[in-house]
There are 2 protein chains.
Amino acid sequence: MTENILKKYSETVDCPVRNVLDRFGDKWSTLVILILGDTGTLRFNELHRLMETVSEKMLTVTLKKLDADGLVKRTLYPQVPPRVEYELTERGRSLLPLLQGLVDWANENMPEIQKSREQYQAA
Amino acid sequence: MTENILKKYSETVDCPVRNVLDRFGDKWSTLVILILGDTGTLRFNELHRLMETVSEKMLTVTLKKLDADGLVKRTLYPQVPPRVEYELTERGRSLLPLLQGLVDWANENMPEIQKSREQYQAA
DNA sequence: CCTTTGACTTACCAAAAGTAAGTAATAAAC
DNA sequence: GTTTATTACTTACTTTTGGTAAGTCAAAGG
């Protein structure tokens, strides 16, 4: 059996698990998707203000990756100063129920997890 | 409306979203949970071999965090050389369907995402 | 002129993760 | 009886990723 498993998990090149983890395993993508899912459409600075703790630099690279993956649509209105709007694509929206599931799980389990952490600290 | 949203997302201190993202937004936790969910119980080196691309150091810190959160149970058999087994707790298992949902989503959507990435590159 | 505005860059610094080697205790191998 | 192998880790060092703060661009407002 071990050999089957080993084979299964080690095909890392185009492994979808690794791919999905590399994508949502970064610090900000998931939060951007959740917020855009919640608000609809936002301009760059609106999003930035809502996230607060993200740097502008990281927000731009996050949005670029999400745009490249077709999860977020970027619309530039060529004005001065520029106006850029971001919204989820259909593909991006298809992720929302899954991410919402994780958020719900977190809301339910965080109190107990917090207790576990404190016990672990004490030991 | 913006002000409500701002309030909602900026309560970062004990925000469950931020907490869950900080926990599963690291590079290896999710994969460890998925593999343990698939295999049942594994020793440190078995897990390490299955993951291949993780360093021993990172596997150690990942397992410590999961143990501290009560998602994984660590059992030490005091032999020489030592034997340490890891398995999911009930809390850890409760995450499996959610993570499996993400894996399924990845399997379904990765081909199209790949296409999007190539188009983005070309443009 | 000088400042403001919005969506970013860029240069620089800190934190996280990867690499490679080391450690401990003992049993089996030579 | 000294070397070697084994397991689950540490530790020191390097690279990669992320954070901070300042700068850019082009036009509009004072």
Side-chain angles (χ1 to χ4, degrees), chain A residues 2 6 9-10 12-13 18-19 21-32 35-36 39 41-69 72-87 120 123, chain B residues 2 6 9-10 12 18-32 35-36 39 41-69 72-87 120 123:
Chain A
T2 301
L6 205 150
Y9 293 111
S10 67
T12 47
V13 178
R18 193 64 263 165
N19 262 288
L21 292 182
D22 284 347
R23 188 53 44 172
F24 306 108
D26 74 358
K27 207 170 171 183
W28 301 110
S29 296
T30 317
L31 189 55
V32 167
I35 292 181
L36 287 179
T39 58
T41 300
L42 289 175
R43 300 179 64 172
F44 181 86
N45 278 340
E46 288 174 335
L47 192 49
H48 183 234
R49 273 190 290 274
L50 288 181
M51 295 177 68
E52 267 193 69
T53 50
V54 75
S55 63
E56 292 188 334
K57 183 183 116 185
M58 278 299 100
L59 185 53
T60 45
V61 324
T62 302
L63 286 168
K64 269 184 192 164
K65 290 200 293 179
L66 292 174
D67 186 20
D69 284 5
V72 158
K73 182 176 151 215
R74 177 182 188 272
T75 309
L76 165 70
Y77 299 88
Q79 317 169 350
V80 174
R83 173 186 190 82
V84 180
E85 290 189 345
Y86 293 94
E87 61 188 315
Y120 190 88
Chain B
T2 302
L6 205 150
Y9 294 111
S10 67
T12 47
R18 193 63 263 164
N19 262 288
V20 80
L21 292 182
D22 284 346
R23 187 55 42 173
F24 305 107
D26 74 358
K27 208 170 171 185
W28 301 111
S29 296
T30 318
L31 189 55
V32 167
I35 292 181
L36 286 180
T39 58
T41 300
L42 289 175
R43 299 178 65 172
F44 182 87
N45 278 340
E46 289 173 334
L47 191 50
H48 183 234
R49 273 189 291 275
L50 289 180
M51 295 176 69
E52 268 195 67
T53 49
V54 75
S55 63
E56 292 189 333
K57 182 182 118 186
M58 277 300 100
L59 184 52
T60 313
V61 323
T62 301
L63 287 168
K64 269 185 192 164
K65 291 200 293 180
L66 292 174
D67 185 19
D69 284 4
V72 158
K73 182 176 150 216
R74 177 182 187 273
T75 310
L76 165 69
Y77 299 89
Q79 316 170 349
V80 174
R83 173 184 190 83
V84 181
E85 291 189 345
Y86 293 95
E87 61 188 315
Y120 190 89

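Computed over heavy atoms, backbone and side chain alike; hydrogens, waters and symmetry mates excluded. Quick note on labels: first sequence line is chain A, next is B, and so on, each numbered from 1. Because the structure is predicted, anything quoted here is derived from the model rather than measured.
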Phosphate OP1/OP2 of [N] contacted by [X] side-chain N/O (<4.0 Å):
{"X": "B:Lys57", "N": "C:dG22", "result": "no"}
{"X": "A:Arg43", "N": "C:dG6", "result": "no"}
{"X": "A:Trp28", "N": "D:dT17", "result": "no"}
{"X": "A:Tyr86", "N": "C:dG6", "result": "no"}
{"X": "B:Arg74", "N": "D:dC9", "result": "yes"}

Over how many whole Å does the gap from [X] atom [atom1] to [N] atom [atom2] extend?
{"X": "A:Arg49", "N": "C:dT5", "atom1": "CZ", "atom2": "C1'", "result": "11 Å"}
{"X": "A:Tyr77", "N": "C:dT5", "atom1": "OH", "atom2": "C1'", "result": "18 Å"}
{"X": "B:Glu56", "N": "C:dT23", "atom1": "CD", "atom2": "C1'", "result": "12 Å"}
{"X": "B:Leu47", "N": "D:dC9", "atom1": "CG", "atom2": "P", "result": "11 Å"}
{"X": "B:Met51", "N": "C:dA17", "atom1": "CE", "atom2": "C1'", "result": "13 Å"}
{"X": "B:Arg83", "N": "D:dT7", "atom1": "CZ", "atom2": "P", "result": "10 Å"}
{"X": "A:Met58", "N": "C:dA7", "atom1": "CE", "atom2": "C1'", "result": "16 Å"}
{"X": "A:Glu46", "N": "C:dG6", "atom1": "CD", "atom2": "P", "result": "10 Å"}

TODO: Sort and list the pairs that fulfil salt bridge (charged side-chain N to carboxylate O under 4.0 Å, His left out) and have at least one residue in residues 76-87 of chain A, not counting sequence neighbours.
DONE: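 Salt bridge (charged side-chain N to carboxylate O under 4.0 Å, His left out) check on residues 76-87 of chain A returns A:Lys73-A:Glu87, A:Arg83-A:Glu85.
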TODO: Identify the two heavy atoms, one from B:Leu76 and one from B:Pro82, that lie closest to each other, and give their separation to 0.1 Å.
DONE: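 Heavy atoms of B:Leu76 and B:Pro82 come nearest at CD1-CB, 4.5 Å.
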Closest to side chain of [X], choosing from [options]:
{"X": "A:Pro81", "options": "D:dG19, C:dT5, C:dC8", "result": "C:dT5"}
{"X": "B:Val84", "options": "D:dC9, C:dA17, C:dT9", "result": "D:dC9"}
{"X": "A:Lys64", "options": "C:dG18, D:dA8, C:dT9", "result": "C:dT9"}

Task: B:Glu56 and B:Asn45: CA distance, side-chain angles, deciding distance, side-chain contact (heavy atoms from CB on, under 4.5 Å) verdict - done: CA-CA 9 Å; B:Glu56 292 189 333; B:Asn45 278 340; 4.3 Å; yes
Open item on the list: Test of understanding: with side-chain hydrogen bond (donor to acceptor under 3.5 Å, both in side chains), list the residues that count as partners of A:Asp69, not counting sequence neighbours.
Closed with: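 For A:Asp69, the residues satisfying side-chain hydrogen bond (donor to acceptor under 3.5 Å, both in side chains) (neighbours in sequence not counted) are A:Arg23, B:Arg117.
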Open item on the list: Is there a side-chain contact (heavy atoms from CB on, under 4.5 Å) between A:Leu47 and A:Leu63? Walk through the geometry before answering.
Closed with: CA-CA 10 Å; A:Leu47 192 49; A:Leu63 286 168; 3.9 Å; yes
Open item on the list: Pick the closest DNA chain C nucleotide for B:Val80 and for A:Pro82 by heavy atoms, then say which residue is nearer the 5' end.
Closed with: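 The residue mapped nearer the 5' terminus is A:Pro82.
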